[in-house]
Amino acid sequence: MKSLIRLLIFLVLKKTYPLLIFFAVGSLLCFISLFFTFRIQTNVAALLPEHNEAAQEFSQIMSLLGHQDTLFLLAEGEREGLIDFAEKLVTPLKASPYLDRIDYKAQQYFFPFFNKIVLSHFFVQFAPEEIPALIKKLQPKAIQQKIAQNMKKLYSADPAFATRINIDPLGLIEDFYRHLPAQQSSFDLESGYIFSPNQKALLIKMKGKFPATQIDQSIALVAEVEKAIDIAKREHPEIQVEISGGYSTAVASYYEFRRDLTVTLFTSIICVIFLICFVFREWRLIYLAGIPLHLAILWTFALGSFFLGSLTSIALSFAAILAGLGVDFAIHFYNRFRIELMQHDLETAIERTLTLTFNSLFTAGITTSCGFLVFYRTDFRGFSELGLLSGTGILICLFFMLLCFPCLLLISGRKKGFPPLRSGTGVLALFRFAEWIFWGTLILTFGAFYLLWGYQEVGVPFQSDIQILRPSSQTRFQEKLKSYFHETNVI
């Protein structure tokens, strides 16, 4: 252990600038790697254990949900303009490598006609060359496979599956797709387009070739559709367009989560750095402690993205954990450094601080890291990644605070020096401030609890609808859809 301490002292005092160059180059490489490898998994299925049978069954059911690989488009305007807009929009998208099918005509919704007319005149609807493929679907093995798929779909909470399976248990509706003439329904089917009853809205459904959980392809698909919308609107600027569905929801959730993550991360870092500056009354700590802390989190992000491929929403909360725990090393180191600086010169103070604080900081880092690394063995992916990233991140923070932080103190001290300790600084002031924070938080918590309890007692409702967790754009789409199509359940 003593040889390791001597090595740290040698690097900090004798190799200050090469060490900082190493951190700068490493951080640049981490940033480049993060730019190309950083991916966020926002779907709940990504959190489930990979080897659990129930989790695998749930993932299969989620993949079978019809709207997970679907994009809905609602266009508002006048009837003739909507028809021309739909044709100009759909024509380039038919060649899209991301789309399997675009449904903007109403024939695929004629379940009553299929049930009453088509099944009573079964083979009359087909050309001779189409019959062999239909007969293949009616073989016992194919029917058993279809029954198994129906059972998985019925496990879901979507009543639309039960309706469709009751009408079309063998999945033959797709074979009759091109043979169904227009019939009466809750849509306006006279023109063949899916119009609302008042002729003011038109619905288009696009089915993709991949699940919405593949976020990169989902982003590319939504971008392609939005580009086609912009082109089609050049001739019809009066038409208003809203999009929703599995792909749109996944992309909107992804960008909202990235924004929230950025705000949370930088807010937590700013708060803890401001706390240090307030306690020690030294504003240089904004960058002296802030730079090592930022770089440590950056390195942890980069290593996690590189080795894990993608990070779940729960795992990404490690950034706020590191901001709160990693800064503790800087607090203890700096407090001891200022005490030593009262009796020794700058280099000697840093040397003595490293010697006297290394064992305690190293022990605290290892024990804290091991506490988080225990979660790595859990089957729940969110906790597993959280434990791995938090555990390794604590050690990376320790690494930066023992090497990068002293180098910055040394350079800053040589240029400007450090003023004498002022009254109220140090560990005692920190404890006083922590005590004030504790009692203030306790009082505010109980006050907020009784306030909420009082509001509930006087009848103020609490929102329990899970749909409010969806992105606001998707909620707006659902409201417009209901206003135009009333009780028609198309999504």
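Note that the structure is predicted; figures quoted are calculated from it, not measured. Along the sequence shown, residues are numbered consecutively beginning with 1.
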In a table with atom names and distances, give each donor-acceptor pair under 3.5 Å that connects a side chain of residues 386-393 to protein atoms at least two apart or in another chain.
residue: S390; atom: OG; partner: L386; partner atom: O; Å: 2.8
residue: T392; atom: OG1; partner: L388; partner atom: O; Å: 2.8
residue: T392; atom: OG1; partner: L389; partner atom: O; Å: 3.3

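- Not counting sequence neighbours, S384 has no partner by the side chain to side chain donor-acceptor pair (under 3.5 Å) test.
- Considering only heavy atoms from C-beta on, L322 stays 4.5 Å or farther from V327 through its side chain.
- Looking at I394 and I366, their side chains never come closer than 4.5 Å, going by heavy atoms from C-beta outward.
- Of all heavy-atom pairs between V272 and G324, the closest is CG1-CA, 4.3 Å.
- Within 6.0 Å of the CZ atom in R377, the count of heavy atoms belonging to other residues, nucleotides or ligands does not exceed 12.
- The two atoms that bring S27 and L295 nearest to each other are OG-CD2, 3.3 Å, heavy atoms only.
- Expressed to the nearest 0.5 Å, how far CD of E242 lies from CD1 of I229 amounts to 9.5 Å.
- Partners of L19 according to the side chain to side chain contact (heavy atoms under 4.5 Å, CB included) rule, which considers only residues two or more places apart in sequence or in another chain, are L11, F23, L403, C407.
- In this structure, T91 and K88 have side chains that are not in contact, with every pair of non-hydrogen atoms separated by 4.5 Å or more.
- A distance of 13.0 Å separates NZ in K233 from CD1 in I231, rounded to the nearest 0.5 Å.
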Under the criterion side chain to side chain contact (heavy atoms under 4.5 Å, CB included), I'd like the reasoning laid out for E226 against I243: C-alpha separation, chi angles, the key distance, then a yes or no.
CA-CA 9 Å; E226 289 178 344; I243 62 174; 4.0 Å; yes

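- Applying the side chain to side chain donor-acceptor pair (under 3.5 Å) test to K227 and every residue at least two apart in sequence or in another chain returns nothing.
- Between atom CD of residue Q199 and atom CZ of residue R79 there is a gap of 4.5 Å, rounded to the nearest 0.5 Å.
- Taken to the nearest 0.5 Å, the CD atom of Q139 stands 11.5 Å off from the CD atom of Q145.
- Looking at residues two or more places apart in sequence or on another chain, you find no ring-ring contact (aromatic ring centres under 6.0 Å, His included) involving F85.
- Closest of all the heavy-atom pairs between Y287 and P292 is O-CD, 4.1 Å.
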Apply the test side chain to side chain contact (heavy atoms under 4.5 Å, CB included) to residues I286 and I270: give CA-CA distance (whole Å), side-chain angles for both, the deciding distance (0.1 Å), then the verdict.
CA-CA 8 Å; I286 292 177; I270 290 173; over 6 Å; no

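- Remark: Y255 pairs with no residue by the ring-ring contact (aromatic ring centres under 6.0 Å, His included) rule, at least two apart or across chains.
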Tell me, with the steps shown, if E235 and D84 meet side chain to side chain contact (heavy atoms under 4.5 Å, CB included).
CA-CA 9 Å; E235 298 184 18; D84 187 57; 4.1 Å; yes

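- Contact annotation: the side chain of Y247 never approaches that of I219 to less than 4.5 Å [non-hydrogen atoms, C-beta and beyond].
- In terms of heavy-atom proximity, A86 sits nearest to L202 at CB-CD2, 4.1 Å.
- Applying the salt bridge (Lys or Arg N to Asp or Glu O under 4.0 Å) definition to pairs two or more places apart or across chains, those involving residues 213-222 are R39-D216.
- Contact of the L395 side chain with the F400 side chain is not registered, since no non-hydrogen atoms from C-beta on lie closer than 4.5 Å.
- If you run side-chain contact (heavy atoms from CB on, under 4.5 Å) between L71 and each of V225, I204, T249, only V225 comes through.
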Step-by-step side chain to side chain contact (heavy atoms under 4.5 Å, CB included) determination, L325 to C397
CA-CA 9 Å; L325 296 179; C397 284; over 6 Å; no

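- Relative ring orientation between F210 and Y98 is described as perpendicular, the plane-to-plane angle rising above 60° on a 0-90° scale split at 30° and 60°.
- For the pair V241 and L74, the minimum side-chain heavy-atom distance is 4.5 Å or more.
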Under the ring-ring contact (aromatic ring centres under 6.0 Å, His included) criterion, do F36 and F31 qualify, and how do the steps go?
CA-CA 9 Å; F36 289 103; F31 181 81; 9.9 Å; no

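- For the side chain to side chain donor-acceptor pair (under 3.5 Å) test, residues two or more places apart in sequence or in another chain that qualify with E76 are K480, Y484.
- Scored by the side chain to side chain donor-acceptor pair (under 3.5 Å) test, E78 finds K200 as partners (sequence neighbours excluded).
- Atom CD of Q149 sits about 5.0 Å away from atom NZ of K146, to the nearest 0.5 Å.
- With sequence neighbours left out, the side chain to side chain contact (heavy atoms under 4.5 Å, CB included) criterion links I269 to L265, I273, L293, H294, I297, A323.
- For T267 against V263, the heavy-atom pair with the smallest separation is OG1-O, 2.5 Å.
- Checked against side chain to side chain contact (heavy atoms under 4.5 Å, CB included), L99 has the following partners two or more places apart in sequence or in another chain: L93, S96, I102, M206, L221.
- Shown here are the side chain to side chain contact (heavy atoms under 4.5 Å, CB included) partners of F306, two or more places apart in sequence or in another chain: S33.
- We find the CG-CD1 distance between N150 and I143 to be 11.5 Å, quoted to the nearest 0.5 Å.
- Side-chain atoms of T368 and D328, non-hydrogen and from C-beta on, never get closer than 4.5 Å to each other.
- K209 and P97 get closest at one heavy-atom pair: CD-O, 3.4 Å.
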